[in-house]
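Notes follow once the structure below has been shown.
Numbering of ligands and ligand atoms starts at 1, following listing order. Keep in mind the model is a prediction, meaning the values are calculated, not measured.
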Amino acid sequence: MVLPEGSARILGRDAQRTNIAVGYAVASAVKSTLGPRGMDKMMVSEMGDIVITNDGATILKEMNVEHPAAKMMVEIAKTQDEEVGDGTTSAVVIAGELLKKALELLEQDVHPSTIISGYKSAANKAIEYLYDASENVTLKDNALLNKIAAIAMGSKTVTAGETKEFLAKLVVEAVTQVAEENNKVVSVDKDYIKIEKKQGSDIGQTSLIRGVLIDKEVVHPAMPKKLEKGKIALLDAALEIEKTETDARISITSPEQMTAFLEQEEKMLKNMVEKVAASGATVLFCQKGIDDVAQHYLAKKGILATRRVKKSDMEKLARATGARVITTLEDLGANDLGFAGLVEERKVAGEQMIFVEKCKDPKSVTLLMRGGTEHVVDEGERALVDAIGAVRSAVQEGKYVTGGGSIEMELAMHLRKYANQVGGREQLAIQAFAEALEVIPRTLSESCGLDSIDTLVELRTKHEKGSGAAGIDVLKGKVGDLKAVGVIEPLKVKKQALRSASEVTEMILRIDDIIASKGKAAAPAGGGAGGMGGMGMD
Ligand code: ADP
Ligand code: MG
């Protein structure tokens, strides 16, 4: 025995069964949230904090799973969220279904490596078909992008009806504003779309600031609180006299010397302020400290200043105003200054904030999320994040497909035909992959009370006859043409979901030996597939 006492080991088929059951259980936990008629989940943490959400990634994060296979499933949700920002539930649900189908194949004695290679080629083919079924979208197609944003926010309850359209527009404006196009390659750095949440007011008061919102106050009461056409200096240096690091001793023997010493200090600070003013700056954002004396002189010069601004905010300010962050005061010149149409300290939900707005073509913007309660602003933020992710994915890849399960039906149909060409045992795996994709339309149909068997039969026929956009019109509760309904989603989100779902399935299937050290879960505790076994819900 090489293993320490108390460790558990599960081998071969049992290891696969265990992992599949756990993976499937994770998928089952989020499945009911899928689509605009999906349900919300209330998650209560050990500390009693409550999160109410419909967001797959958030649910999985809050679930605090223990089992390694469950952790792998959570991992794909994270990847999906980071890469494309939307489609997390779909990715996890598809992965769960791929695992379930794999188990059926294992029971029929299909070797795991055959399943893996079948799934792999199915995923690659599916992505090819995805491109075939897609249409183009550019930064200028506002109407399309608005739809994509609204659909991505879809199932978040806080964003019903008009609010959704309103927020979608803000998101599209934000993304297209920070987007950069080089040789037809569009890139969007989502770090430059800052989301500030402030509880209070209502969601309809959410706004887009063409610039940056800084969670700071103006340092001195005598400084202006509002400046139009602000000329902005960004300084990564202190407006303070550096105190010596080592134990230096200054011996002052007379009151005159003391006065001279203080005067000298004051003069140095005054000089620093002179340099700032000489550059022509009217607004100063300082990453370090500003001495009281310097504050006084800045106020006298009518300069609006704030100190200890976060580095990340300095970068955003630079991108928004066109200013350059200067590290030595001596270097500050007129060329380093940026511009903002308005710089103003305003109170939001009882807190002073500095608005740097009306910037010219800002490459950094801020969404100020408002909402009546903490739960509303939190879920609202998640809706914004999903929408930003979707619009970003759409403009980066430049392609979109129809949703509501229509694209999954279309891919499944093509995969079945492809499976027939491949033949052999791998064919079974490819067919299984096709069936697994149908979990999306099936779940959507169930979410709006349709009979899923009849519906899938109807959809298959429609797709055979060439209606590629036939899917579930969830809001109307019937089969429909999702292109006409306007349910569209970025190709990139679907592609990433297919990739991550098939990758995690492969990873789980490859494992034929689980060695767990003492106290760690190797087997799901109690429940099997479909239950919540092994998921350490606490
Ligand atoms: P995910 O985390 O996967 O994005 P969602 O809960 O956002 O999960 O659901 C996305 C699914 O819902 C997609 O398949 C999408 O096409 C579908 N969907 C969204 N809005 C509608 C709608 N109005 N009608 C039909 N299907 C919709
Ligand atoms: Mg979504």
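Of all atoms in ligand 1, listed by their number and element, those nearer than 4.0 Å to a heavy atom of Thr33 are 6 (O). Ligand-side atoms of ligand 1 in range of Thr89: 1 (P), 2 (O), 3 (O), 8 (O), range being under 4.0 angstrom from any heavy atom. Under a 4.0 Å criterion applied to the non-hydrogen atoms of Gly403, ligand 1 contributes the atoms 16 (O).
The pair Glu180-Lys363 fails the salt-bridge criterion, with no side-chain N (NZ, NE, NH1 or NH2) lying under 4.0 Å from an Asp/Glu carboxylate O. Using a 4.0 Å cut-off between charged side-chain N and carboxylate O, Asp14 and Arg17 make a salt bridge. Between Glu446 and Lys31, none of the side-chain N atoms (NZ, or NE/NH1/NH2) sits under 4.0 Å from a carboxylate O, so this pair counts as no salt bridge. Using a cutoff of 4.0 Å between basic side-chain nitrogens and carboxylate oxygens, Glu173 and Lys169 are not scored as salt-bridged. Salt bridge absent: Glu83 and Arg499 never bring a charged side-chain N and a carboxylate O closer than 4.0 Å. Using a cut-off of 4.0 Å between Lys/Arg side-chain N and Asp/Glu carboxylate O, Lys311 and Glu315 are scored as salt-bridged. Here Lys197 does not pair with Glu374 in a salt bridge; the nearest charged N to carboxylate O distance is not below 4.0 Å.
Here's the thing with Gly404: one of its N/O atoms is less than 3.5 angstrom from an N/O atom of ligand 1. Residue Asp473 has no N or O atom closer than 3.5 Å to an N or O atom of ligand 1. Taking distance alone, with nitrogen or oxygen atoms compared against 3.5 Å, Gly35 approaches ligand 1 more closely than that limit. Taking any N or O of Gly87, backbone or side chain, at least one lies under 3.5 Å from an N or O belonging to ligand 1. Residue Thr88 places at least one N or O, backbone or side chain, under 3.5 Å from an N or O of ligand 1.
Counting heavy atoms closer than 4.0 Å to ligand 1, residue Ile472 contributes backbone atoms (N, CA, C, O) but none from C-beta onward. Counting heavy atoms closer than 4.0 Å to ligand 1, residue Lys494 contributes side-chain atoms (C-beta onward) but none from N, CA, C or O. With a heavy-atom cut-off of 4.0 Å, Val93 does not touch ligand 1 at all. Here Glu489 has side-chain heavy atoms under 4.0 Å from ligand 1, and that is the only part of it that gets that close.
No option in Lys78, Gln80, Glu75 other than Gln80 meets the side-chain hydrogen bond (donor to acceptor under 3.5 Å, both in side chains) test with Ser500.
When the N, O or S atoms of Asp86 are ranked by distance to the Mg ion (ligand 2), OD1 comes first.
For the ligand labelled ligand 1, residue Gly38 lies outside the 4.0 Å heavy-atom shell. Residue Arg37 places every heavy atom at 4.0 Å or more from ligand 1.
At a threshold of 4.5 Å between non-hydrogen side-chain atoms, the residues Leu99 and Leu103 do not count as touching.
Taking a 6.0 Å sphere around NZ of Lys417, one finds it holds more than 12 heavy atoms contributed by other residues, nucleotides or ligands.
Comparing heavy-atom distances from atom 22 (C) of ligand 1 across Thr443, Val487, Val92 singles out Val487 as nearest.
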With side chain to side chain donor-acceptor pair (under 3.5 Å) as the test, would you mind laying out the steps for Thr373 and His375 before giving the verdict? CA-CA 5 Å; Thr373 70; His375 295 305; 5.9 Å; no

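Metal site remark for the Mg ion (ligand 2): Asp386 contributes no N, O or S atom at a distance under 2.8 Å.
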